[in-house]
Protein chains: 2
Amino acid sequence: MAGHKPTIHDVAAKAGVSKSLVSLALRGSDKVSAESRLAIESAAAELGYRPNAAARSLADRRSRAIGVLVLDFNNPIFAQILDGVQQVAGVNGYNTLIVTGSSDPVRQESELARLLEFQVEGLILIAHRLSAETITRISDERPVTIITRNDVTGANVDTISNDDQAGARIAVEYLITLGHSHIAHVTGGDNQISRDREKGYRDAMSTAGLRENIHVIPGDFTDSGGYRAANEIFEGRPESTAAFVANDLSALGVMAAAADSGRTVPNDFSVIGYDGMALASLRTLNLTTIQQPLVEMGRLAVTQLLKRIETPNIPNVSVQVNSQLHRAGTCAPPSH
Amino acid sequence: MAGHKPTIHDVAAKAGVSKSLVSLALRGSDKVSAESRLAIESAAAELGYRPNAAARSLADRRSRAIGVLVLDFNNPIFAQILDGVQQVAGVNGYNTLIVTGSSDPVRQESELARLLEFQVEGLILIAHRLSAETITRISDERPVTIITRNDVTGANVDTISNDDQAGARIAVEYLITLGHSHIAHVTGGDNQISRDREKGYRDAMSTAGLRENIHVIPGDFTDSGGYRAANEIFEGRPESTAAFVANDLSALGVMAAAADSGRTVPNDFSVIGYDGMALASLRTLNLTTIQQPLVEMGRLAVTQLLKRIETPNIPNVSVQVNSQLHRAGTCAPPSH
DNA sequence: TTCCCTTCTTGGAACGTTCCAACTAGTGTC
DNA sequence: GACACTAGTTGGAACGTTCCAAGAAGGGAA
């Protein structure tokens, strides 16, 4: 709590040189004599000098910050993605400004505005709920990378996603291989990701000649949604022996409903999810799922964003990562 | 991607007024004529003007940002705390700079430095691993609020924590009430929180006259640590009928080990955790635990931090929130 | 000695705001 | 008609950096 924060001028005065030389020295320029450098460094250390990022950002017109808008923190897969984002951003000397998108559109806009006023050099959207129009508008000002969706395009927009249809097909084909034919599907609600996963389910069922067994129950990507949907399955189609659930969180709800209805998983009922949520692979849950490389997706997003920040007009990329079947404990051949 | 970002001067020129008046109007001063205000607002909208936070921060010496250092994202309870932090910060117009503390001390220091260079007005530490000395040094420059620990003090430091000893006692007393007497404890490793919870366990056991049954196995707050520790219990003290585990994540590991060893939870073995991790209360897991009001703790932390930012010399506070027994499905009376 | 070159160093301008003291144009009072 | 107010409005200084053109010091070549 010294009288005031030391500035570059204070360091200069103490070291007996000009502020310009301090600036140069502290940024590691090689055209500073060893003698001056030493004096400057020790003066800075002694004063506890910290460069003011706002001033620097103003002077060289770079904020060295990227903004991250994430839907919420309730689904832990976002934390895994964020982990990857943080890693790469940190290594490259970028700060990350993380904002959780509130469901209220007005507040969401104002939080976005706050991010942009900070002059973030780029934006990462994780499972956003912004309109295509909003995104286009924003990407006019700054590069944007979208994770988990690839349905928005724009000159300044890159996307990192997995092939949801393909992943869903893998899941359903696996159940079919195990011998299931009465396979239900719990959706994730009205959004692109959920629609793609549903399409994969329908495709795989049709291809296997199981078109008439298709049974789709609406869900909402939450665990309680999964619970409700599962009960609907058990009542409406008791012949079902397995379910492909739109995400892991919902799959946990399905498992709970199965247990509550007296069914053992996987002996009486098989469940397969989607995402690769870290917690679901804990031994206690041991959920079979389609695993997205979540941390890697976060990493890729920042890498691509920084690339575009550095070279604004590179061609758009739309990276599709591979999701893989993670065999675990919630799927088995049907017992009858 | 216009030639350059519009500044306050561009707005002023377009509206036919001075930059000062634009500044005034855009910040909602009441000493601007309705006419000018209108002209300014429409000019700003038309140009897509966004105030530059760096310039503002420089001019009025406030960054309107708080820094958050969180241990990692692996334990989902941190996400819950962050949720609360974000809520209150956002409502008050503050940006949050979130950084995950790497385990590497050197990198951790540099990330902290990055935060401070951004001139964050205060710092929130969630489950940090910084030395008391480092914290004191930092708190010399800026207010600090620590969540989940209260063992560091300083003129500028507030803490939000729960009473770990009391919470642990509640957990153990609950098991005793159910009829258990051979109760083991899995710790969270070498840190203050874990030590406090262990102390609560020992106290409760002693008070109940079960001193000779005390059995402490070292853990590390991770699920695999819990798994290992549980196996140690089953081998070393097969007479144990229950375990109080230092946190929920580890408790899940214990449950997995119980299942793998052929024990049913809670019939053969009772498990109680600590934290109130959202996922552990999912129906599938239904973990009995000591629930901390995590989101509320995040809220309180920001509230207190902002208070201290506004009025630097208020007396220190050390808020202790109440943790409560959350009765769920993993505890039952012993069967023999 | 003079001149040029290199190496190191410097002060001033710029970045986009906010704050402040001072100015202008009305409006009302005596 | 002079005066004091009030409501709006203004330009300049300041915030703490970086960048840039230019200066100083020292050495070698002619």
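Order of the sequence lines sets the chain letters (A, B, ...), proteins ahead of strands, with each chain counted from 1.
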Under 4.0 angstrom between B:Ser57 side-chain N/O and D:dC15 OP1 or OP2: no

What I'd like to find out is whether the side chain of B:Val22 reaches to under 4.5 Å of the side chain of B:Val17, using heavy atoms alone. yes

Tell me which pairs pass ring pair (Phe, Tyr, Trp, His ring centres under 6.0 Å) where either residue lies in residues 71-104 of chain A, with sequence neighbours left out. none

Does a side-chain N or O from B:Ser23 land closer than 4.0 Å to OP1 or OP2 of C:dT18, or not? yes

Salt bridge or not between A:Glu111 and A:Arg114? Use side-chain N to carboxylate O under 4.0 Å. yes

Considering only side-chain heavy atoms of B:Val17, which listed nucleotide, D:dT10, C:dG16, C:dT10, is closest? D:dT10

Are A:Lys14 and A:Glu41 ion-paired here, with the side-chain N under 4.0 Å from a carboxylate O? no

Which nucleotide in the list C:dC8, D:dG12, C:dG16 gets nearest to the side chain of B:Thr7? C:dG16

In whole angstroms, how far is the P atom of D:dC20 from the CG atom of A:Leu24? 12 Å

I'd like to know if A:Arg50 and B:Glu141 make a salt bridge, using a cut-off of under 4.0 Å between side-chain N and carboxylate O. yes

Rounding to an integer number of Å, can you tell me how far A:Leu21 CG sits from C:dT9 P? 5 Å

Atom-to-atom span, CD1 of A:Ile40 to P of D:dT17 - whole angstrom: 13 Å

Quick check for you: among C:dT17, D:dT18, C:dG11, whose closest atom lies nearest to any side-chain atom of A:Ala59? D:dT18

Taking CG from B:Asp60 and P from C:dC20, how many angstroms apart are they, rounded to a whole number? 11 Å

side-chain contact (heavy atoms from CB on, under 4.5 Å) between A:Tyr49 and A:Leu26, intermediate numbers included: CA-CA 11 Å; A:Tyr49 167 72; A:Leu26 259 29; 3.5 Å; yes

Output the rounded distance in Å from CZ (B:Arg27) to C1' (C:dC20). 12 Å

Counting any heavy atom closer than 4.0 Å, what does A:Arg50 reach on the DNA or RNA strands: base, sugar-phosphate only, or nothing? sugar-phosphate

A:Glu35 atom CD is separated from C:dC8 atom C1', nearest whole Å, by 11 Å

Donor-acceptor pair (no angle test) under 3.5 Å: B:Ser18 side chain, D:dG11 base: no

Can you say whether a donor on the side chain of B:Lys5 sits under 3.5 Å from an acceptor on the base of C:dG16, or the other way round? no

Separation of atom CZ in B:Arg61 from atom C1' in D:dG16, rounded to whole Å: 10 Å

Can you tell me the distance, in whole Å, between the CG atom of B:Asn52 and the C1' atom of D:dT17? 13 Å

Applying the side chain to side chain donor-acceptor pair (under 3.5 Å) test to A:Glu121, which of A:Arg64, A:Arg61, A:Arg62, A:Arg142 qualifies? A:Arg62

By the 4.0 Å heavy-atom rule, please label B:Ser33 as base, sugar-phosphate, or nothing. sugar-phosphate

When the C1' atoms of the five terminal pairs at each end define the local axes, what inter-axis angle does the helix from C:dT1-D:dA30 to C:dC30-D:dG1 show, to 10 degrees? 60°

